[in-house]
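Residue numbers start at 1 and run along the sequence shown. First listed ligand is number 1; within each ligand, the first listed atom is number 1. As the structure is a computational prediction, the values presented were derived from the model and not from experiment. Basis for what follows: all heavy atoms, side chains included, without hydrogens, waters or symmetry-related copies.
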Amino acid sequence: MRIAVVGSGYVGLVAGACFAELGHQVVLVDNDERKLAELQRGECPIHEKFLPELLERHRGKSLDFTGDLADAVRRSQLIFIAVGTPPKDDGDADLSYVESVAQGIACAIDDYKVIVEKSTVPVYTNSWVRKIMLLNGAPAELFDVASNPEFLREGTAVADFLYPDRIVVGADSDRCADLLAEAYQPLVDGSYFKKPGAIPGPVTSPFKATLLRTSAKSAELIKHASNAFLAMKISFINAVASVCEAVGADVEQVREGIGTDSRIGRRFLSPGVGYGGSCFPKDLLAFRSVARENGCHFGLLDETVRVNEEQRNRFLRKVRKALWTLKGKKLGVLGLAFKNGTDDLRESPAVSIIKSLVKEGCSVTAYDPAAMDRAAEEFGPNTAVKFASGPYEALEGADACLVLTEWEDFAALDLARVKQLLHYPIVVDGRNLFKPALMEAAGLNYYSVGRPDVVGERAVTIKASLKAEAARQNEAA
Ligand code: UDX
């Protein structure tokens, strides 16, 4: 099939590269000249497993890049809109980029096309795209608008695309739904799985994807409701973790106990510093807005957001509890990205926690396996935040180690070395990466989420030295 994907952000780039991998002829459209030049030179602008391989495999063959939307529209049967839908101040999604792409498509249309919303958009966007197309002179018989939400997680987006739990085709006409379904045929009939050189997925037995046909409005809601449900699971376990801390229970045991109930499931029940990223925070606000505008009270969404925000404050309180005063403290931070496997810092809990600590007078040396360049841009020439070239360097002489992203590499650190490098043997783990018993054995004072603190005998000495230091500071003042 001939496919255009408009917008080469996380979603567009992955979708474009994967459609090329499925054997289609794809053109990726973007108005960012710099990004286009990067892609044409063979660079991959984001850190995403298997994406560089796919771009390399298909660039210049079945995958092209262009800034010319009209030309791409004329060359394609399916046009996926994958542009940004950032939140406005009131939480509503800003759909102006979607609208301007729809105008561009309307002006270029010359044959029957299916326009597909791939960006996460509120319910009714489908009908708005249709109206905008008609207002801009596109003949009604020359197009249909479908909704085909993505469920890609950053870091595993390529495997998520090629081995999806489900593909949702939301369309209000059979002609449109059939054409869109055809684009996914190699996944639905299992032929992609058997192809030599296929990207490996999480499954080893023959894989055939499930394709759900729904109305366009249902598809739009499926996307918002899925993300809201996952975010709710995270906030739920974070709230349970707070209760565990209050009563002296262990959230990891509680999680195992509830997650083994097949009706609940283990996934998305990891407590931590709260969810971040480009989707959950934005989609929760947008879904809440959609519900409100349509007269539905959905207080569960408000509570999900509240618990998430509170989780960052709880972490800051733990740092204070571990270190007593914060002004002048030197902190070694492990992890900057909003989660592991990505270099994305959008709505990263790590970034907001570091900013709060710096406001309190701390200095930070941070390390992240993927997000260092982006972090340097984010923090700018802020002298209170420095970057290390490895995890051990970040901890040298620090008053405490803070773990803020769940990178597996951190869990394998040599704890004896960690202890030796730190000024005080204190680790505050916002992601429960370590086993408390091992931290205790290593002589580290360990504070995590929803589990009892590990404060060994050494802590008495440490507390005494902290008090002595505070007394010295008071005297000096
Ligand atoms: C999410 C959805 O999973 C995906 O289906 C959708 O299309 C886009 O949004 P993504 O933002 O890439 O994907 O990340 P995800 O893996 O869902 O994690 C989101 C956030 O929740 C991260 O900050 C992560 O650290 C946090 N998280 C996740 C937890 O705190 N606990 C968990 O158990 C799972």
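Contact annotation: for Glu406 versus ligand 1, heavy atoms closer than 4.0 Å belong to the side chain alone. The proximity of Arg431 to ligand 1, defined as any non-hydrogen pair under 4.0 Å, is limited to the side chain. When heavy-atom distances to ligand 1 are checked against a 4.0 Å cut-off, Leu269 comes that close only through its backbone atoms N, CA, C and O. If you look at Asn227 next to ligand 1, the close heavy atoms, those under 4.0 Å, all belong to the side chain.
Ligand 1 lies out of reach of Gly272, whose nearest heavy atom is not under 4.0 Å from it. By the 4.0 Å heavy-atom criterion, Cys279 is counted among the residues contacting ligand 1. At least one heavy atom of Lys223 sits closer than 4.0 Å to an atom of ligand 1.
Scanning the protein for heavy atoms near atom 12 (O) of ligand 1, the closest one is Glu154 N, 2.6 Å.
With ring centers used as reference points, Tyr367 lies 6.0 Å or more from Tyr392.
With Glu245 as the fixed residue, the salt bridge (charged side-chain N to carboxylate O under 4.0 Å, His left out) test singles out one of Arg317, Lys318, Arg451, Lys321: Lys318. Paired with Phe151 under the rule side chain to side chain contact (heavy atoms under 4.5 Å, CB included), one option of Ile222, Asp160, Asn227, Asp165 passes, and it is Ile222.
A donor atom on one side chain and an acceptor atom on the other are found under 3.5 Å apart for Asn148 and Tyr184.
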